[in-house]
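The structure appears below as structure tokens.
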Amino acid sequence: MASVSFDRIVKRYGDNQTIHGISFEINEGEFVALVGPSGCGKSTLLRMVAGLEEINGGEIRVDGRVVNELTPRERNIAMVFQNYALYPHMTVRENMGFSLKLQKAAPRAINEKINWAAGILGLEALLDRLPANLSGGQRQRVAMGRAIVRDSQVFLFDEPLSNLDAQLRVQMRAEIKQLHQSLRNTMIYVTHDQIEAMTMADKVVVMRAGHIEQIGAPLELYDRPVNLFVARFIGSPAINLLAGIVQRSAIGSVLDLGDGTLLPLPAGMPTGLVGKSVTVGIRPEHVDLGDAGGLNAEVVVVEPTGSDTQILTRIGQHKLVLLSRERLAASVGQQLRVRFDPSKLHIFDTDTGQRIAIGA
């Protein structure tokens with residue numbers, strides 16, 4: 001195990017700067033996910049750790065040692081790629097042991113390592129097969145096996161599940177998490193899929209355009225996103241966002257949506273926000289149905305998934321998604337009453353996108 005430290009990391013391609021002075025720490029044994037949209041710099045950052053990309057500014061330290069000028073081989077880091085990167089002419093056993101063979105390890109030690117890794121990953125019966133005779137999930141397990149036999153300080157995963165179908169991705173998510181629980185090595189996992197990041201990682205780093213937007217535990221990011229970008233990115237179905245002007249009323253602070261709809265706001269709204277534009281976020285699972293009170297909503301789309309029902313509604317000129325664990329018999333055009341607990345709302349400054357703290 002080893003810690004990984006990023007200190008003011010900069011990456012440029014010619015005149016184009018893609019990583020802008022990023023700094024954060026990964027503790028020994030942590031599983032950290034780098035997540036964000038395509039082009040945010042997460043894979044570039046991972047490749048800089050591996051030594052596959054030059055670092056143009058700042059320092060990366062692994063277990064306290066600066067690795068900027070070290071070759072990939074000198075960093076004692078293992079990487080699992082999106083496309084598996086297996087040698088097609090080698091068997092599973094040969095693929096898994098190839099790096100140890102290059103290190104001139106003893107044949108007996110190589111076999112012991114291969115058998116140990118195969119036992120962890122369920123590959124014992126596949127050791128004599130060629131990659132062409134394996135499924136996508138089996139190939140990915142071989143790629144992971146090749147990494148873990150090396151006793152590396154840090155394991156890097158670059159979108160390893162992107163080429164798998166939905167069912168297999170769920171299975172492999174669980175297997176990678178079990179692998180981490182078994183080995184307790186430091187792991188850095190890059191993905192654009194926030195569900196993968198939320199379900200697997202101890203800590204999530206949300207990136208955008210070469211900057212870090214927020215770092216925290218998965219539920220911390222979900223419950224208290226620091227800005228509109230993180231609020232939109234984390235959560236499935238996506239958070240509902242409604243923009244309007246804060247007003248005072250007989251019932252307290254409300255959000256005037258501009259079409260006659262007034263949305264109750266949490267107690268403790270700063271008085272200085274009256275007359276200001278804010279954006280309110282509400283998670284779909286926090287929208288409830290009721291016979292009385294609340295707001296009128298027209299059903300636009302009903303999406304039953306088996307375990308729950310997602311309903312897209314229209315409130316005035318605004319759309320609102322609700323998620324119910326019940327099998328609702330709603331139909332398009334039906335009028336519903338929706339309500340929610342104001343304390344569950346997330347309030348953001350519409351102009352800056354930053355979260356607004358609400359006092360008691």
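Computed from a predicted model, the values in this text were never measured in an experiment. In this chain, numbering begins with 1 at the start of the sequence shown.
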Under a side-chain separation threshold of 4.5 Å, the hydrophobic residues clustered together with Val332 are none

Using a 4.5 Å side-chain heavy-atom cut-off and chaining through intermediate ILVMFWY residues, the residues clustered with Ile245 come out as none

TODO: Consider only side-chain N and O atoms of Ser253 and Arg248, and report whether a donor and an acceptor are under 3.5 Å apart.
DONE: yes

For residues 73-95, the ring pair (Phe, Tyr, Trp, His ring centres under 6.0 Å) pairs (sequence neighbours left out) are Tyr87-Phe98

Across all chains, not counting sequence neighbours, the ring-ring contact (aromatic ring centres under 6.0 Å, His included) partners of Phe31 are His180, Tyr189

Which donor-acceptor pairs under 3.5 Å do side chains of residues 229-242 form with protein atoms, sequence neighbours excluded?
from	atom 1	to	atom 2	distance (Å)
Asn240	OD1	Val321	N	2.7
Asn240	ND2	Ile282	O	3.2
Asn240	ND2	Val321	O	2.7

Residue set satisfying side-chain hydrogen bond (donor to acceptor under 3.5 Å, both in side chains) with Gln194, at least two apart, ordered chain then number -> none

For residues 126-151, the ring pair (Phe, Tyr, Trp, His ring centres under 6.0 Å) pairs (sequence neighbours left out) are none

Please determine if Glu94 and Lys101 form a salt bridge, counting it only when a charged side-chain N lies under 4.0 Å from a carboxylate O. no

Solution key, residues 61-68 side-chain donor-acceptor pairs under 3.5 Å, sequence neighbours excluded:
from	atom 1	to	atom 2	distance (Å)
Arg61	NH1	Glu59	OE1	2.8
Arg61	NH2	Ser5	OG	3.3
Asp63	OD2	Gln153	NE2	3.4
Arg65	NH2	Glu74	O	3.1
Asn68	OD1	Ile60	N	3.0
Asn68	ND2	Gly58	O	2.8

Under 3.5 Å, is there a donor-acceptor pair between the Thr91 and Asp128 side chains? no

Besides Val10, the hydrophobic cluster formed by Ile, Leu, Val, Met, Phe, Trp and Tyr side chains linked at under 4.5 Å, directly or via other members, contains none

Residue set satisfying side-chain hydrogen bond (donor to acceptor under 3.5 Å, both in side chains) with Ser23, at least two apart, ordered chain then number -> none

Hits for ring-ring contact (aromatic ring centres under 6.0 Å, His included) against Phe340, two or more places apart or cross-chain, chain-then-number order -> none

Sequence neighbours excluded, the answer for side chain to side chain contact (heavy atoms under 4.5 Å, CB included) partners of His192 is Lys42, Glu159, Ser162

**Message:** Test salt bridge (Lys or Arg N to Asp or Glu O under 4.0 Å) on Arg224 and Glu220; report intermediate values, then the result.
**Reply:** CA-CA 6 Å; Arg224 291 192 62 81; Glu220 179 185 344; over 6 Å; no

Open item on the list: For Thr191 and Asp193, which I'm curious about, is there any donor-acceptor pair between the side chains at under 3.5 Å?
Closed with: no

Donor-acceptor contact below 3.5 Å, side chain His318 vs main chain Leu257: yes

